[in-house]
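Proteins get letters first, then strands, A, B, ... in listed order; numbering begins at 1 in each.
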Amino acid sequence: MVNNMANTLFPKRFKFNKVQKKWISYWREKGIYDFDIEGKGKIFSIDTPPPFVSGTLHLGHVLNHSWIDFVARYHKMKGKNVYFPQGFDCHGLPVELAVEKNYGISKDDRERFLEKCVEWVEDNISNMTKQFDDLGYSTDWKFTYRTMDENYKYKVQKSLLYFYEKGWLYRDKFPTHFCVNCETSVAKAEVGYQEEEGKLWYIKLPLVGRDDEYVTIATTRPEMMESCVGVFIHPNDDRYYHLSAAEVELPIANRTVRIRTDNNVDMTFGTGVVYCCTYGDETDIKWKLDYDLDEIQIFTKNGLMNENSKYQELSIEQAREKIVNDLEVMGLIEKIETHEHNIIIHSERSSCRRPIEYLPVDQWFINVKDFTTEIIDSAESMDWYPEKHKQRLLDWAEGLDWNWVISRQRVFGTPIPFWYCSECGQILIPESKDLPLDPVIESPPSNKCPNCDSSNIIGEEDVCDCWVDSSITPLAIAKWLEDDVFFTKTYTNARVHRPQGYEIIRTWLFYTLFRCKKLTGKAPFHETMINGMVAGPDGRKMSKSYGNVVSPDDVLPEYGADAIRQWAAMGSLGDDYPFEYNWINIHNKQPVSDEKINKEKKQLSEDKFFKKYRKRYDQLIGASRFLTKIWNAYRFLNINLNKIEITDINVNIEELPPIDSYFYSQFNEVMAKVEELFDNYNWHEAFMILRPFFWNELCDNYIEAIKYKFYSDDETIRKNALKQALTLFYSILRIFGIIMPFISEEIYSILYKDFIGLDSIHQETWPKNFQMISAESNELGRHVISLMKSLRKFKSKLQIPLNQEINKVVILLKNDNQNQMKNIIDDIKQTIRIKDLSIIMTEEPSFKAQPDLKEVVEELDATIFLFK
RNA sequence: GAGCUCGUAGUCUAGCUGGUUAUGACGUCGCGCUUACACCGCGAAGAUCGGGAGUUCAAAUCUCCCCGAGCUCACCA
């Protein structure tokens with residue numbers, strides 16, 4: 001009866017599906033992961049990456065956030081008061097696109113559009129929150145944030161106001177990537193390059209004051225002639241040395257411009273002479289700034305020539321044709337070559353893919369350039385795990401030469417909370433108490449421009465770059481501007497940890513270091529843990545276009561969170577990590593080559609294909625097996641707990657038998673290593689130690705060596721053996737809780753809760769070393785285990801089944817005290833199954849019959865004689 | 001094109017402040033149901049550490065070159 005009960009509680013396999021849901025709600029009800037600011041221990045704050053609200057987590061998130069959860073659980077166990085909130089990054093173009101597509105609402109219907117954006121984001125957040133829970137994520141949701149919340153926007157806008165008052169935020173006309181087809185400026189991330197067969201025109205420009213002398217430039221954009229503001233040659237170019245300060249006449253424009261020298265000119269391209277226009281490319285922009293050149297804009301926002309051009313009203317393409325024609329008539333075209341080049345296009349919108357122009361438009365900027373040394377200092381003062389990624393940030397900071405354009409011509413984002421005078425450009429700032437606000441809706445503090453008295457005051461329509469939002473996450477979670485006490489405790493006086501991927505070191509980490517330092521005077525982080533990218537089985541980053549994507553939803557239902565978290569723990573710090581799978585034939589379970597799979601994918605219908613083939617996730621299979629192993633080890637203890645009545649699991653360490661002494665001290669050693677590795681966030685190596693220790697030592701050797709005592713006639717032996725095993729297994733279970741929270745909790749609730757009394761194993765502390773283990777006993781235990789391993793090996797060699805009894809074994813030991821060995825004869829006899837075992841210290845004995853095996857075990861200085 | 005990181009058995013991975021038979025996992029092979037676990041136990045095979053050169057008594061480990069991968073930046077008139 002008792003046994004049946006035990007079996008229903010403890011089936012042969014760990015049924016994670018039933019268990020996970022139960023514990024997720026239990027943890028929430030009991031407030032197991034609640035943060036208590038008055039709690040014990042120094043506060044350790046984790047500034048987790050807010051995922052963009054795409055609606056679903058991918059394996060990259062799983063890796064990243066599993067590690068973060070390890071950090072949180074580990075530090076909590078080590079006695080820190082861990083503050084572990086999780087937020088969401090809400091703003092972004094994909095939201096706008098989704099709303100346009102799914103609801104068919106246009107951006108122009110601003111109010112309704114924004115409403116739908118919020119609605120869409122909220123749906124996605126609820127789904128992603130569930131996914132985090134399913135992963136066993138130990139965040140305290142009461143402290144979550146969303147960058148679209150009024151409260152969050154308030155902080156962002158307040159930070160902008162502060163930056164403006166300090167003079168670090170300014171509005172300026174600056175060339176931006178502009179799609180004249182979509183009539184909007186676009187972020188750098190939205191443009192790409194496309195190879196195209198173009199032409200290179202060689203155009204003669206007459207030199208001023210020298211009759212019939214020309215200099216020839218090569219250009220792919222002849223239509224930009226009228227916007228030319230300078231001509232450049234390389235300072236070391238002997239061919240043009242004499243022209244260094246000359247002036248050229250611009251045909252059609254009828255202006256003259258100077259020739260200048262600059263190292264950025266490629267002498268080998270074209271003629272080695274290039275003209276600088278408003279704006280052909282980023283070099284043009286750089287030169288404009290470096291040499292303070294004029295700005296002559298000739299394009300309109302919808303891709304036509306403007307009033308500064310003689311070709312006004314023509315499209316850019318038409319103008320090009322016309323100009324080339326006119327130049328030809330003037331005899332100024334030297335030659336035309338065909339030319340392969342990459343043109344910059346609006347690549348992120350597949351329906352557009354038209355060329356991008358650099359148009360000067362009014363933009364908001366944050367001055368970063370002047371603060372790079374401070375950022376570098378902040379980065380240098382942090383502990384980096386691993387160290388190697390620090391270089392990424394330093395290189396970026398040192399090489400930065402432009403300020404940060406923070407305005408985006410979008411709708412769903414944090415509004416830039418200013419107004420400006422359309423006459424004179426005067427900025428009107430809001431009052432702090434009115435934040436957060438949308439200047440498009442709210443009226444300005446004054447209806448007249450304080451500078452020029454104009455009444456054309458316009459609310460800024462642009463919204464912030466998402467990094468403006470996310471670069472204050474450490475402040476937002478610390479209730480900056482909201483609760484001074486909380487802020488001091490969780491930011492100023494806390495140890496603040498920043499976990500993230502290396503791909504956003506130059507953005508998120510960089511901007512956060514900068515902004516938080518400027519806003520609070522204190523560098524935000526003490527340490528950062530950097531994870532790599534999750535790759536597909538082909539080693540390439542997971543991407544739909546490579547067809548190597550695995551979604552957590554593909555694997556979580558089949559393997560469970562504890563298995564996926566083990567996969568995460570096996571990734572090495574700071575490096576890319578592949579998620580392995582092989583295609584197998586469902587019928588014969590044999591692996592199938594990629595070529596065959598690709599062929600079959602094309603030939604078979606999707607339905608048929610998935611009936612025939614499936615992916616096999618070897619890493620997860622390995623992880624599941626470990627869970628089964630853990631499960632059965634505790635199941636075995638539980639079976640015996642149901643037979644042997646004990647009221648506590650206290651053990652007297654000093655009086656542990658040899659085998660227990662040995663494994664208890666092994667545990668101490670393993671824990672010391674694991675602790676050091678965890679301290680360095682080296683999950684991978686720690687797990688590589690824990691897994692074999694548990695499996696090969698505690699299960700295969702320890703349990704096997706003591707299990708016979710569970711059936712002893714002596715009640716004290718039975719009870720002590722069980723208590724000793726339960727205690728040791730409990731210590732390691734607590735650590736498993738960090739990586740595998742569900743199975744640990746389940747086992748705890750069945751086996752240990754009555755003895756320990758805590759609501760959850762996740763309230764436990766890091767196990768202390770077992771003190772006072774007898775060194776002598778430990779050493780003896782080591783010998784016993786070693787002898788057992790050898791004897792098993794011999795049994796295998798002689799092909800004797802493990803359950804078959806050996807008639808006689810004589811062990812000749814040179815170095816040991818025979819009296820001690822007497823204590824362990826029973827251990828060996830019972831575990832290895834030997835009828836007649838003797839341990840002797842004399843010289844080599846002689847036997848009537850030849851032993852079936854005689855082996856020397858060097859490390860023990862022992863000789864073993866075995867008679868089947 | 002530039003910078004950074006990486007390239008170890010069939011697959012993934014440890015070691016990489018130079019010095020034992022290069023670690024572990026999955027897979028493979030042989031044998032086996034020890035009062036838990038066959039998703040298991042015992043044992044075995046399998047890597048000249050991407051290629052080449054150099055430094056050294058000694059290199060997976062340091063230096064240089066080449067090849068390949070990933071990320072970031074630039075893609076030029």
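Remark: B:A59 base-pairs with no nucleotide in the shown strands. Criterion, Watson-Crick or G-U wobble with two distances under 3.5 Å. Pairing for B:U20 is absent, judged as Watson-Crick or G-U wobble with the two contacts each under 3.5 Å. When both distances must be under 3.5 Å, the Watson-Crick or G-U wobble mate of B:G70 is B:C4. In this entry B:G41 has B:C31 as its Watson-Crick or G-U wobble partner, both defining distances falling under 3.5 Å. Remark: B:U48 base-pairs with no nucleotide in the shown strands. Criterion, Watson-Crick or G-U wobble with two distances under 3.5 Å.
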Could you go over nucleotides 3-10 of chain B and give all protein N or O partners under 3.5 Å, atom names and distances?
none

Between the protein and nucleotides 38-41 of chain B, list every N/O to N/O distance that falls short of 3.5 Å.
unit_1 : atom_1 : unit_2   : atom_2 : d
B:C39  : O2     : A:Thr628 : OG1    : 3.4
B:C39  : N3     : A:Arg13  : NE     : 3.3
B:C39  : N4     : A:Arg13  : NE     : 2.5
B:C40  : O3'    : A:Lys629 : NZ     : 3.4
B:G41  : OP1    : A:Trp695 : NE1    : 2.2
B:G41  : OP1    : A:Asp700 : OD1    : 3.4
B:G41  : OP1    : A:Asp700 : OD2    : 3.4

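Close placement of the A:Tyr681 and A:Trp683 rings is indicated, their centers lying within 6.0 Å of each other. A distance of 6.0 Å or more separates the ring centres of A:Tyr730 and A:Phe736. Under the 6.0 Å cut-off for aromatic ring centres, A:Phe693 and A:Phe687 do not qualify, their centroids lying 6.0 Å or more apart.
For the ring pair (Phe, Tyr, Trp, His ring centres under 6.0 Å) test with A:Phe729, the passing option among A:Tyr748, A:Phe694, A:Phe663 is A:Phe694; the others fail.
Relative to the ring axis of A:Phe710, A:Lys643 does not place its NZ or CZ within 45° and under 6.0 Å from the centre.
To the nearest 0.5 angstrom, A:Trp631 atom CH2 is 9.0 Å from A:Asn638 atom CG. Separating the OH atom in A:Tyr279 from the CD1 atom in A:Ile285 is a distance of 7.0 Å, to the nearest 0.5 Å.
Side-chain atoms of A:Tyr502 lie closest to B:C71 of the nucleotides B:C71, B:C76, B:A36. Picking from B:U35, B:A14, B:C71 the nucleotide with the shortest atom distance to the side chain of A:His684 gives B:A14. Here the side chain of A:Glu704 is nearest to one of B:C26, B:U34, B:U23, namely B:U34.
Across B:C73 and B:A9, the matching C1' atoms stand 37 Å from one another, rounded to whole Å. Comparing the P positions of B:A14 and B:U23 gives an interatomic distance of 15 Å, to the nearest angstrom. Nucleotides B:G24 and B:G41 place their P atoms 15 Å apart, quoted to the nearest Å. If you take atom C1' in B:G30 and the same atom in B:A45, they sit 10 Å apart, rounded to whole Å. For the P atoms, the distance from B:C65 to B:G1 is 15 Å, rounded to whole Å. The same atom, C1', is picked in B:A25 and in B:A36; the two are 23 Å apart, to the nearest Å. Using C1' as the reference atom, B:U28 and B:C12 are 16 Å apart when rounded to the nearest Å. When the P atom is compared between B:C40 and B:G27, the two are found 8 Å apart, to the nearest whole Å.
Looking at heavy-atom distances under 4.0 Å, A:Cys277 makes no contact with the nucleic acid at all. If you check every strand for non-hydrogen atoms under 4.0 Å, A:Lys707 touches a base.
Sequence order on RNA chain B of the closest nucleotides to A:Phe636 and A:Gly622 puts A:Gly622 first from the 5' end. Nearer to the 5' terminus of RNA chain B, by closest-nucleotide assignment, is the contact made by A:Glu685 (compared with the other of A:Glu685 and A:Arg833).
Within a 6.0 Å radius of CD in A:Glu558, other residues, nucleotides and ligands contribute more than 12 heavy atoms.
The distance from atom CG of A:Leu690 to atom P of B:A14 is 17 Å, rounded to the nearest whole Å. As rounded to whole Å, 12 Å separates atom C1' of B:U34 from atom CD1 of A:Ile806. The separation between A:Ile703 atom CD1 and B:U34 atom P is 17 Å, rounded to whole Å. The separation between A:Leu677 atom CG and B:A14 atom P is 13 Å, rounded to whole Å. The nearest whole Å value for the distance from the CD1 atom in A:Ile832 to the P atom in B:C42 is 11 Å. A:Lys795 has its NZ atom 15 Å from the C1' atom of B:G43, to the nearest Å. Atom CZ of A:Phe694 is separated from atom C1' of B:C37 by 11 Å (rounded to the nearest Å). Distance A:Ile344 CD1 to B:C76 P: 9 Å, rounded to the nearest Å.
Residue side chain A:Trp631 fails the stacking definition with respect to B:C37, as its ring centre and the base's six-membered ring centre are not both under 5.5 angstrom apart and under 30 degrees in plane angle.
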Trace of the side chain to side chain donor-acceptor pair (under 3.5 Å) decision for A:Thr831 with A:Glu704: CA-CA 7 Å; A:Thr831 302; A:Glu704 288 302 332; over 6 Å; no
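Not one side-chain nitrogen or oxygen of A:Asn632 sits closer than 4.0 Å to the OP1 or OP2 atom of B:A36.
No side-chain N or O of A:Tyr702 forms a donor-acceptor pair with one of A:Glu697 less than 3.5 Å apart. Using modelled atom types and a 3.5 Å distance limit, the side chains of A:Asp826 and A:Tyr708 yield no donor-acceptor pair.
Between A:Glu685 and A:Lys673 there is no salt bridge, since no side-chain nitrogen of the basic residue lies less than 4.0 Å from a carboxylate oxygen of the acidic one.
Judged by atom type and distance alone, A:Gln566 does not reach the base of B:A25 through any side-chain donor-acceptor pair under 3.5 Å.
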